[in-house]
*Asks:* 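I'd like to ask you about the structure that follows.
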Amino acid sequence: MHRIYLDANATTPLLPEVFEAMRPYWMEHYGNASSIHQHGQHARSAVEQSRATIARLLRGLNSEIVFTSGGTESDNLALFGVLSPESTHGEPAHLITTTIEHHAVLHAAEALEKTGVEVTYIPVTPKGLIEPAALKAAIRANTKLVSIMYANNETGVIQPIHELAAIAHQAGALFHTDAVQVTGKLPLDLSADGPLKNVDLLTFSGHKMYAPKGIGVLFVRRNVRLAPMMHGGTHERQRRAGTENVACIVGLGKAAQLASEWLTTEGPTQLTALRDRFEQGILSQIEETGINGDGAPRVSNTSNLYFDHLEAEALVIALDLKGISVSGGSACQSGAAEPSHVLTAMGLTPARARASIRFSLSRLTTQEEIDEALKIIPAAVARLRELSPAWRRPEPQTV
Ligand code: PLP
């Protein structure tokens, strides 16, 4: 059976070109990038080339790219780097974030609260958007950092980041954004006079953009002071100690180069068209179904749909048996009975949130796969609804 993978927001496939670029760095080029001999210099040069490619993708400076182990570490480094007691010198500090962040931000914020940092969690509108007025209202004299995700991993809803970052800067606070679900999908311009000039810290992760798991980046704008979380060597300009993961850094550089190229092709338009074809196909065939985040700007690959009167968990399993991989809520939550914190924050009832599924396409998803999914999903939904006591029974036919 040809399996159809519609869970690219959980992780993307590794591109063959990325794998090929990495291959020599597992075997013959195994040097430590900190060593001064030839083996080391070869590794150093590969790391720096990759840094330059990534800086080009973000229109940032090479020195602003800090390699980490992934999105979770980058988010933690941004929050703790600005708000740990070492950075605040014990002064009362205030963090603003939102109710729909990934747990890498939410749980880091909760941990900071225990150290005395005050945290405000701004709510979202029913479309999943943060209102600039809500951010303005939350700002205090001691607000040191605002952390708002660029696009949500469950719904794909894109926040007005330019406007939100400008508000933070006007108030003298730093601005961090978790751009894990945006990097490689939308063009980003972090140059000093570009549209994202007010973003000080930006997170992204390799395995959401066709590179391996366990590698990521925190963009740290020049002049932003960040306390390291890990103590050790002087790697990454003293911002992230630990021997560089050379092979994965090379893979991430290759993925960044491929993403830069893809963004200039018809690829993004075609991916949006494929996602729209999928949504229209579902909505025209299945009643009492809708799009979570409908009407808000969304990244081109994500579709979060509710199918009233069924449990997403059951649909995920039914589709898995039919060869389709999808996710109910975020991957980190699958298996948990709790409805998604993102969907409930948008005002969905717990029942509707538990009836919601995330479909996320990759650059490799084909129209044939979407058309096949459009045959399988309506049948699976109909079967599960028939078993649901909440689903109305058809009137008995009289002959
Ligand atoms: N932030 C967002 C928005 C994500 O979607 C994810 C992964 O699902 C992460 C952070 C964590 O990234 P990583 O898996 O690289 O730690």
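What you see is a predicted model, and the numbers here were worked out from it, not measured in a lab. Side-chain atoms are counted along with the backbone in the values below, which use heavy atoms only and exclude waters and symmetry mates. One-based numbering, in listed order, for ligands and for the atoms of each.
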*Asks:* Mind checking whether His42 and Tyr25 have parallel, tilted or perpendicular rings, split at 30° and 60°?
*Replies:* tilted

*Asks:* Is there a donor in the side chain of Thr120 and an acceptor in the side chain of His94, or the other way round, less than 3.5 Å apart?
*Replies:* yes

*Asks:* May I ask you to check whether Ala151 has an N/O atom sitting below 3.5 Å from an N/O atom of ligand 1?
*Replies:* no

*Asks:* By number and element, which atoms of ligand 1 are closer than 4.0 Å to a non-hydrogen atom of Met149?
*Replies:* 3 (C)

*Asks:* For ligand 1, note which part of Lys213 has a heavy atom under 4.0 Å away: side chain, backbone, both or neither.
*Replies:* neither

*Asks:* Show the atoms of ligand 1 that are less than 4.0 angstrom away from any heavy atom in Gly70.
*Replies:* 15 (O)

*Asks:* Going by the order shown, which atoms of ligand 1 are within less than 4.0 Å of some heavy atom of His207?
*Replies:* 13 (P), 14 (O), 15 (O)

*Asks:* Is Glu73 in polar range of ligand 1, meaning some N or O pair under 3.5 Å apart?
*Replies:* no

*Asks:* For a quick check under 3.5 Å, do Thr155 and Asn292 share a side-chain donor-acceptor pair by atom type?
*Replies:* no

*Asks:* Less than 4.0 Å between a side-chain N and a carboxylate O, is that true for Glu28 and Arg23?
*Replies:* no

*Asks:* Under a 4.0 angstrom heavy-atom cut-off, which atoms of ligand 1 come close to Ser205?
*Replies:* 13 (P), 15 (O)

*Asks:* Please confirm whether Glu101 comes under 4.0 Å of ligand 1, counting heavy atoms of the residue only.
*Replies:* no

*Asks:* Test His341 against every option in His103, His107, His102 by the ring-ring contact (aromatic ring centres under 6.0 Å, His included) rule and name the one that passes.
*Replies:* His103

*Asks:* Taking 4.0 Å as the limit for heavy-atom contacts, which would you say applies to Thr203 with ligand 1: side chain only, backbone only, both, or neither?
*Replies:* neither

*Asks:* Which atoms of ligand 1 have any heavy atom of Gly71 under 4.0 Å away?
*Replies:* 12 (O), 13 (P), 15 (O), 16 (O)

*Asks:* Enumerate the atoms of ligand 1 whose separation from the nearest heavy atom of Gln181 is less than 4.0 angstrom.
*Replies:* 5 (O)

*Asks:* For Val82, what are the other residues in its hydrophobic cluster, where any two members join if their side-chain heavy atoms are less than 4.5 angstrom apart?
*Replies:* Val66, Leu77, Leu79, Phe80, Leu83, Leu95, Val105, Leu106, Leu112, Val117, Val119, Tyr121, Leu145, Leu174, Leu201, Leu218, Val220, Val224, Leu226, Met229

*Asks:* Mark yes or no: Arg363 above the aromatic ring of Tyr210, with NZ or CZ under 6.0 Å from the six-membered ring centre and no more than 45 degrees from the axis.
*Replies:* yes

*Asks:* Could you list which atoms of ligand 1 come closer than 4.0 Å to a heavy atom of Asp75?
*Replies:* 1 (N), 10 (C)

*Asks:* Any Lys/Arg nitrogen of Arg3 or Asp320 sitting under 4.0 Å from an Asp/Glu carboxylate oxygen of the other?
*Replies:* yes

*Asks:* Using only heavy-atom distances, determine whether the side chains of Ser74 and Thr68 contain a donor-acceptor pair under 3.5 Å.
*Replies:* yes

*Asks:* Would one find an N or O of Thr72, backbone or side chain, under 3.5 Å from an N or O of ligand 1?
*Replies:* yes

